[in-house]
Amino acid sequence: MSKRTLAILAAIGATIIYGINHTVAKGVMPTYVKPFGFIFIRVTGAAILFWGISFFGPKETIERRDWLRVLVCAVLGMVINMLSFFKGLDLSTPINSAVLMTITPIIVVVLSALLIKEKITFLKGSGVFLGFIGALALVLFGAEIRQDAPNIPLGNALFILNATSYGTYLIVAKSLIEKYHPFTLMKWLFTLAVVINLPITIAEFTEIQWAQMPLEVIGVIAFVVIGTTFLTYLFNIYALTQLKASTLGAFVYIQPLIGILFALVTGKDYLTAIKILAIGLVLAGVYLATKKPKPGP
């Protein structure tokens, strides 16, 4: 099997894990683990795993001038991003989560224009507009009466905050990713995330009744820490060594489809007219916003 084929399989593996996570993680919240308590477990577990694997990477030291950027990346990528996603998942539905997560490329286009003055073409602008309308439709008109989703509009708004913080993280972290080995960077980002998240998450973590927790719930927690956090990052890093970033970015279209299908098959969510409309608008928006213009003659 060629390295390119393995890279494609790795990208597919990461996408499947992300897609399943929307339903699997929600299934244990808030009955067994509240969202902020889940984040404490997630960042602590990932920090331990990345420190463990870092011994197989190069021995690097973060330069003093880069620590502020590392801190900002940790706040954006492992604090605001994760807290808003899991709280949103607790309040909203797996399908809404899967759809709104895909607006990250649109957010990156907008933020790149604002922060680093990248030009927005008509095609990208149209994509941004369509994606915004789709996301707005879910926030304003996606309310349902569901016992497992107590505040869907607020949850959907938190998904947008999640996508915004992650999109900003990708821009801010770009220079660090080019300078440091992934193992070095991730071990410090997650270590800082543990410290910053501690006062926000420790109360809900201490409420967890481990002795009364079913084995399958412990399995879900392990899946989120090892699969959704640790393995997906490793899979995507390996994929980037063999594939272009634009090729890897195309997998963003698969994630909501997997998330939606898994939620439907397991009976954890259902489609409505608003969801179908939003899915179409968001995916069309992401496609246009990330489509490269054809070179001129």
Side-chain angles (χ1 to χ4, degrees), residues 18-31 33-36 38-39 42 76-77 79-111 127-170 200 224 228 252-264 266-289:
Y18 279 136
I20 291 173
N21 182 65
H22 299 284
T23 297
V24 170
K26 181 168 180 65
V28 302
M29 295 189 301
T31 306
V33 186
K34 291 182 179 179
F36 290 173
F38 215 145
I39 294 304
R42 185 179 183 186
L76 291 170
V79 180
I80 298 174
N81 169 47
M82 291 189 179
L83 291 174
S84 57
F85 174 71
F86 268 69
K87 188 62 178 179
L89 194 57
D90 183 42
L91 297 174
S92 190
T93 70
I95 286 180
N96 289 345
S97 167
V99 173
L100 290 173
M101 280 288 288
T102 60
I103 70 170
T104 297
I106 295 175
I107 298 294
V108 170
V109 169
V110 174
L111 291 175
V128 169
F129 177 75
L130 286 177
F132 175 75
I133 295 298
L136 199 63
L138 274 183
V139 173
L140 298 180
F141 307 111
E144 307 166 47
I145 300 173
R146 289 179 53 160
Q147 192 174 3
D148 66 336
N151 195 333
I152 290 176
L154 178 57
N156 291 346
L158 287 171
F159 290 142
I160 294 175
L161 174 61
N162 156 252
T164 303
S165 65
Y166 188 69
T168 311
Y169 159 77
L170 291 177
I200 306 169
V224 171
T228 309
V252 74
Y253 303 106
I254 304 175
Q255 187 188 142
L257 300 179
I258 293 172
I260 290 165
L261 286 174
F262 190 77
L264 293 174
T266 56
K268 301 298 184 182
D269 205 348
Y270 52 87
L271 287 172
T272 63
I274 286 293
K275 288 178 183 176
I276 293 170
L277 174 64
I279 290 165
L281 288 172
V282 168
L283 290 181
V286 172
Y287 173 75
L288 291 175

message: side-chain contact (heavy atoms from CB on, under 4.5 Å), that's the test. Do Ile80 and Thr164 meet it? Break it down for me.
response: CA-CA 10 Å; Ile80 298 174; Thr164 303; over 6 Å; no
- request: Verify, without hydrogens or angle tests, whether Lys268 (side chain) and Val24 (backbone) share a donor-acceptor contact under 3.5 angstrom.
  value: no
field: Ser92 OG to Leu158 CG distance, which is reported to the nearest 0.5 Å
entry: 9.0 Å
message: Atom CZ of residue position Phe262 - does it have more than 12 heavy atoms of other residues, nucleotides or ligands inside 6.0 Å?
response: yes
task: Begin from the C-alpha positions of Thr228 and Arg42 and carry the test side-chain contact (heavy atoms from CB on, under 4.5 Å) through to its verdict.
output: CA-CA 9 Å; Thr228 309; Arg42 185 179 183 186; 3.7 Å; yes
Separation between CZ of Phe86 and CG of Asn21, rounded to the nearest 0.5 Å: 5.5 Å
- prompt: What's the spacing between Thr272 OG1 and Ile95 CD1 if we round to 0.5 Å?
  reply: 8.0 Å
- request: First locate atom CD1 of Ile260, then atom OG1 of Thr23, and finally report the distance between them rounded to the nearest 0.5 Å.
  value: 10.0 Å
query: Do Pro153 and Asn151 come within less than 4.5 Å of each other through their side chains, counting heavy atoms only?
result: yes
- prompt: In terms of the angle between their ring planes, are His22 and Phe85 parallel, tilted or perpendicular, with boundaries placed at 30° and 60°?
  reply: perpendicular
- request: Apply side-chain contact (heavy atoms from CB on, under 4.5 Å) to the pair Tyr169 and Asn81, showing each step before the final yes or no.
  value: CA-CA 9 Å; Tyr169 159 77; Asn81 169 47; over 6 Å; no
field: Between CD1 on residue Ile39 and CZ on residue Phe36, distance to nearest 0.5 Å
entry: 8.5 Å
task: State whether the side chain of Thr31 and the backbone N or O of Val28 hold a donor-acceptor pair below 3.5 Å, judged by distance alone.
output: no
query: What's the shortest heavy-atom distance between Ala25 and Leu89, and which atoms?
result: CB-CD2, 3.8 Å
- request: Kindly give the heavy-atom pair with the smallest separation between Pro30 and Asp90, and that separation in Å.
  value: CD-OD1, 3.4 Å
query: Looking at Lys26 and Asp269, does any basic side-chain N land under 4.0 Å from a carboxylate oxygen?
result: no
message: Nearest 0.5 Å, please: how far is CG in Asn156 from OG1 in Thr93?
response: 6.5 Å
